[in-house]
Amino acid sequence: MGILVDEHSRILVQGITGQEGSFHARACRAYGTQVVAGVTPGKGGQLFDEEVPVFDSVAEAVKETGADVSLIFVPPPFAADAIVESADAGVPLIACITEGIPVQDMVKVGRYLQDMPTRLIGPNCPGLINPGARCKIGIMPGDIHLPGRVGVVSRSGTLTYEAVGQLTDLDIGQSSCVGIGGDPIIGSSFVDVLRLFQEDPETDLVVFIGEIGGTMEQEAAAYIEEEFTKPLCALIVGATAPPGKRMGHAGAIITGESARAESKIQALREAGATIIPTPADIGSTAQKVLTGG
Amino acid sequence: MGILVDEHSRILVQGITGQEGSFHARACRAYGTQVVAGVTPGKGGQLFDEEVPVFDSVAEAVKETGADVSLIFVPPPFAADAIVESADAGVPLIACITEGIPVQDMVKVGRYLQDMPTRLIGPNCPGLINPGARCKIGIMPGDIHLPGRVGVVSRSGTLTYEAVGQLTDLDIGQSSCVGIGGDPIIGSSFVDVLRLFQEDPETDLVVFIGEIGGTMEQEAAAYIEEEFTKPLCALIVGATAPPGKRMGHAGAIITGESARAESKIQALREAGATIIPTPADIGSTAQKVLTGG
Amino acid sequence: MKLHEYQAKEILSRYGIVIPRGILVSTPQEAGKATEELGGAAVLKAQVHAGGRGKAGGIKLVRSVAEAEREAQTLLGQNLVTHQSGPQGVPVNSLLVEELADIQRELYLALTIDRGFGGPVLIGSPSGGIAIEEVAASNPESIHTEPIEPVLGLMPYQTRRLAARLGLEPELSRPAAQVMNLLYRIFTDNDCSLIEINPLIITGDRRVVALDAKMEVEDESLFRHADLQQLRDRAQEDELEAEAADQDIAYVNLEGNVGCLVNGAGLAMATLDVASAAGAAPANFLDVGGGADAEKVAKAVGIILSDPKVTRVLVNVFGGILRCDVAARGIVLAYQRSGARLPLVVRMLGTNVEEGKEILADSGLAVTFASTLTDAAQAIQQAN
Amino acid sequence: MKLHEYQAKEILSRYGIVIPRGILVSTPQEAGKATEELGGAAVLKAQVHAGGRGKAGGIKLVRSVAEAEREAQTLLGQNLVTHQSGPQGVPVNSLLVEELADIQRELYLALTIDRGFGGPVLIGSPSGGIAIEEVAASNPESIHTEPIEPVLGLMPYQTRRLAARLGLEPELSRPAAQVMNLLYRIFTDNDCSLIEINPLIITGDRRVVALDAKMEVEDESLFRHADLQQLRDRAQEDELEAEAADQDIAYVNLEGNVGCLVNGAGLAMATLDVASAAGAAPANFLDVGGGADAEKVAKAVGIILSDPKVTRVLVNVFGGILRCDVAARGIVLAYQRSGARLPLVVRMLGTNVEEGKEILADSGLAVTFASTLTDAAQAIQQAN
């Protein structure tokens, strides 16, 4: 089981002929993921690594290969277009890795996707992985994962790997791990992913990794309190980080105090989450909760 | 019963202090409609006809009076704003009478309303009426209506009155009559209204009045064939009308042959509708169907 | 509102779309001078608001100044009759003199509103240079559409896809996409109901050029485009239709002799349908609109009465936003102003109907009242 | 990227928003001349990228040319320390000399992106002229927001509502709405992350004027704004931070002595959290980003090594889009280039981790490898 993807998922990689795209398409395949197609406009007809057909458009790729997940490595100026192209081609799940997409592009894409059946993970995210199904759709190092029953959801990329690494070191396997991305506007929120973990019979516990800024953790806390029935360990990073120099005044007054780490930790604690004291304690906290300690 | 509105509906009139707005607000009240508020920016605090409070904004009107239907007489340049203001204020039903709203304004409003729970009737329409509930939300002459069990839905304004007049002359009452509007982009389609008539236990038969242009009648025919279970009499006008001088080439090739009257009549006939031979035969055709003749 | 080719092209050019070099002229002498400026050979294109101009002889290739003057002499001042212009044709008051284009390929590109989609669509075909209706009939699968989501605008993948379907090589895909993007901007900035570039050509030196351009601005939006309002050319419009348009009245001149005044487009079409079925030939389609006051009704009736072929008048008014008393006052006013004595069949129902009938009955006009559509049609058929 | 007040105002003015008459100067003589041009009295405003300028003495009212020259002499060339500038302050290299405004009322208006809403919001308050954070703390209900749906844009009813909440009389509602509409256009046209007009004033003669303006353009969007890229003023930025920004590296200078190289903002924050908890004071926050190549990593490490307060370096890389071997090569390159011999604690995990460690082990650098976050923090705490 796990969420969103499994061993039947058929992946197409947008930007497969680029440097990052080709590297990670290879890594996904090496892990066991079914990469069935690539898309690079103007390079249709090629074969990637002598096996994966490359198409000029997502629509062709879907038609010819039945791809049902799109993994995007397209550079920032073209990434919004890539997302919309996949959504319009009817791809039900998109993971967009690209970092640095202009916010106003994502404002529009976000609005557009509201009316579409497509689910977007990211952008500016590591993607998602289902270790039990050997299905890796993203840039995370596959070999640190272990099949198991803990779900991981995180706003951060590399910190997700840190969490997984600590879990695996303690022999705690993962059902699915999802990096939802660090941009101001992203396709799927904590709540969206928690809902899926709630429904997944093979997830017993969720490790939740938030950050300072925004109010998404508070929204997750509200959901956890009202509907989420599984144990959850939560880490919020950034308590000692410098005050966000990039956050303007006007932005600060929208979220105000709630953007700070303490506010988020408090909300999650009150919602019944077990708080992970420091980033070094992710694995051990999960272990304690699992063993009832 | 009837659809959309009944004796409990509480109406606010946007543009109530204008010439048309005030005339028709009065006519609605005279018919028995509960007009609970008016809205004209800058005229808040006045009383309309010494009884109906006028507000500066829809939000205030809704808050103070519990209005749940908005009837719009605002001039074309400001009508899109009026629709959005009502939708944002949470008004569940809007009837926009205004004729001549720029199409590109309605393109945007149409897209916005997709994500809103609000239902829009019109623009460029006569509104809707439930004679049994003495609830008239629009510009139709109230006294031609008779409470009864025939639903009327039409793209045309005055032709709807013609239909109602013919029905009433034959003592055939109406459950509800809805003019969906003649503009290229409207809030509710034939199918939307037919669905409501399908669900209404007090509607036995529907009189359906279409026009040349567009393909909405064909979409209705498809719905009628697949899901609509009540008898339906259909009139399509425009068979002898001059070829639409205002329809550009590019527009013509989008809809092509299907914009013509014969194509629409054929689709409706094949869907099981009883075709009304000429506009003079609306009442008699309905009577025949009702009496099984 | 239709624009002339030269007006549309000026707008295209201002946005950055490449158009041929061209000079607008209104005399044969100017045509000759322009041809000289363009190197001694040119195309003379009649500036008229009607398609099918080429087949009707409205476009002439000239290879000398003398030939330019001769052809301009013939074209200017004539009424050009095309399959779209109606039998009376449209006057040729100016010519666009353009440089010869090195045409390698002719494509079709257009933007319009698609009711079904509820927004603008971009339409393209590799079969440009001929009427798109013919392409639609003979080769419909060569016409491609790209719906444009208003929140997103035209997306790059759509322009790539359409460019590919137009058969453009990769190196031409980018300039063609640029044209598509600019057309969409022009369409939205100017509240167009139609932009049509037919043909969009690929030249021998691999440029993408708008060789012809048709542009229509939505009448309802003209209030916010003072600049575009200036571009209206009344000379191209049917005189009565232009007068009606000035009053914001929907009017189409037809062949018969029954002048029709109706409120509402649907009822107006229904009235024509019933009148025709009863053997009466309508002289016009006229929807006076919902928001009419007595003066506007009077103007509408005045337009009907000023049509020489009209011998009787049929009024079919169902009072709603337009009240019957208002309509009646307008009718009386128009008859008084024109001094006309044409027989009048009136069917009135709805809001303030009694007042309306009273006003007409008291007016001294030769009014026959009818109560049903059928009655009205029969009465007008007999009223001669 | 932040713009100066004078740059922001020039953009506002270009779009049609009224700003005071002003002259940019960079010498006391120019300041005197400008004051003379403005009628002998003016306001001198230090052009710096830091809020709180007024309280810090960066704004001076002068009533004569001599006074203008004197005050300009003091301001120009100094480092202005405000509550936002950090202790080192920001250099005052130019002054905006503006005419005196006849202030009747001071309002606040801003536009930014609201993550929760997923789009732009317009923010307004009748309490302008003071820091909005203070208003938010003391009188939060006087701050009003209007979310803007991208497909619709800012709707008239929203501008009417906000104008009313700002306490504007009906006759001022329209010009204020106009300012709001223009601000939204500026915001979207220029991919802003923030526009703040504080105060927006009502003058004695009832005009709506932007008396101050703050504008920030989203760094990610600069690639499509060549014109705005020109407006960057490096002198206003921390030198190392500016260097980092040039390389597209997220870097913030801190107070400690442990240079930190991390990939990923979350892991970088986590690293600071753990290091601080272990008693080691970070010298910086540095996220080298996902798409880094060896050269970019080398630049990042170079920035760390060029910081004089750094005595040891902590590397925490979890290989994903950035592979460990690439990171290792970059680190070695930077040490070689700088000749630095600072101790290095490296924690590396993930993609190509073995190759990465091998490269570092073979490099001859004083590397300590750590396997967990705690180990790394302890190792760096001891590495002195």
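Here the structure is a predicted model, which means the values were calculated and not measured. Chain A is the first sequence line, chain B the second, and so forth, proteins listed ahead of strands; every chain is numbered from 1.
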Honestly, the part of A/Pro77 sitting under 4.5 Å from a heavy atom of chain D is both
Contact winner vs chain D - A/Met140, A/Glu99, A/Glu162, heavy-atom pairs under 4.5 Å = A/Glu162
Quick one: what part of D/Thr351 sits under 4.5 Å from any heavy atom of chain A, side chain, backbone, both or neither?
-> both
Name the member of D/Ala270, D/Pro282, D/Ser221 that forms the most heavy-atom pairs with chain A at distances under 4.5 Å.
-> D/Ala270
When you look at CG of D/Asp248, are more than 12 heavy atoms from neighbouring residues, nucleotides or ligands closer to it than 6.0 Å?
-> no
Around atom CD of D/Gln229, are there more than 12 heavy atoms of other residues, nucleotides or ligands at under 6.0 Å?
-> yes
With a 4.5 Å cut-off on heavy-atom pairs, point out which of A/Arg155, A/Glu211, A/Arg111, A/Met106 contacts chain D the most.
-> A/Arg111
Between CD on residue D/Glu220 and CG on residue A/Asp105, distance to nearest 0.5 Å = 11.0 Å
Winner by heavy-atom pair count (cut-off under 4.5 Å) against chain D, out of A/Ile236, A/Thr160, A/Val237 = A/Val237
Proximity breakdown for A/Ile209 and chain D, heavy-atom pairs closer than 4.5 Å | neither
With the side chain counted from C-beta on, respond yes when A/Pro102 and D/Glu218 share a heavy-atom pair under 4.5 Å apart, and no when they do not.
-> yes
Quick one: pull up CG in D/Leu322 and CD1 in A/Ile139 and give me the separation to the nearest 0.5 Å.
-> 9.5 Å
D/Thr372 side, atom OG1; A/Asp169 side, atom CG - distance, nearest 0.5 Å | 8.5 Å
Hey, are the side chains of D/Met269 and A/Ser156 touching, using non-hydrogen atoms and a 4.5 Å cut-off?
-> no
Against chain A, label D/Thr188 side chain, backbone, both or neither, depending on which of its atoms sit under 4.5 Å from a heavy atom there.
-> both
With a 4.5 angstrom heavy-atom cut-off, which part of A/Asp281 approaches chain D: side chain, backbone, both or neither?
-> neither
Looking at D/Gly319, D/Ala376, D/Gly116, D/Cys192, which one has more heavy-atom pairs under 4.5 Å with chain A than the rest?
-> D/Gly319
Flag yes if more than 12 heavy atoms outside D/Glu255 fall under 6.0 Å of its CD atom; otherwise flag no.
-> no
Neighbourhood of chain A inside residues 260-267 of chain D, taking heavy atoms under 4.5 Å as contact = D/Asn263, D/Gly264, D/Gly266, D/Leu267
Checking A/Phe23 against chain D: side chain, backbone, both or neither under 4.5 Å from a heavy atom?
-> side chain
Any chance CZ of D/Arg185 has more than 12 other-residue heavy atoms, nucleotides or ligands included, within less than 6.0 Å?
-> no
Is there a side-chain contact between A/Ile144 and D/Leu349, using heavy atoms and a 4.5 Å cut-off?
-> no
Hey, could you give me the CG/CG distance between D/Asp273 and A/Leu159, rounded to the nearest 0.5 Å?
-> 9.5 Å
In this structure, are over 12 heavy atoms from other groups packed under 6.0 Å from D/Tyr184 atom OH?
-> yes
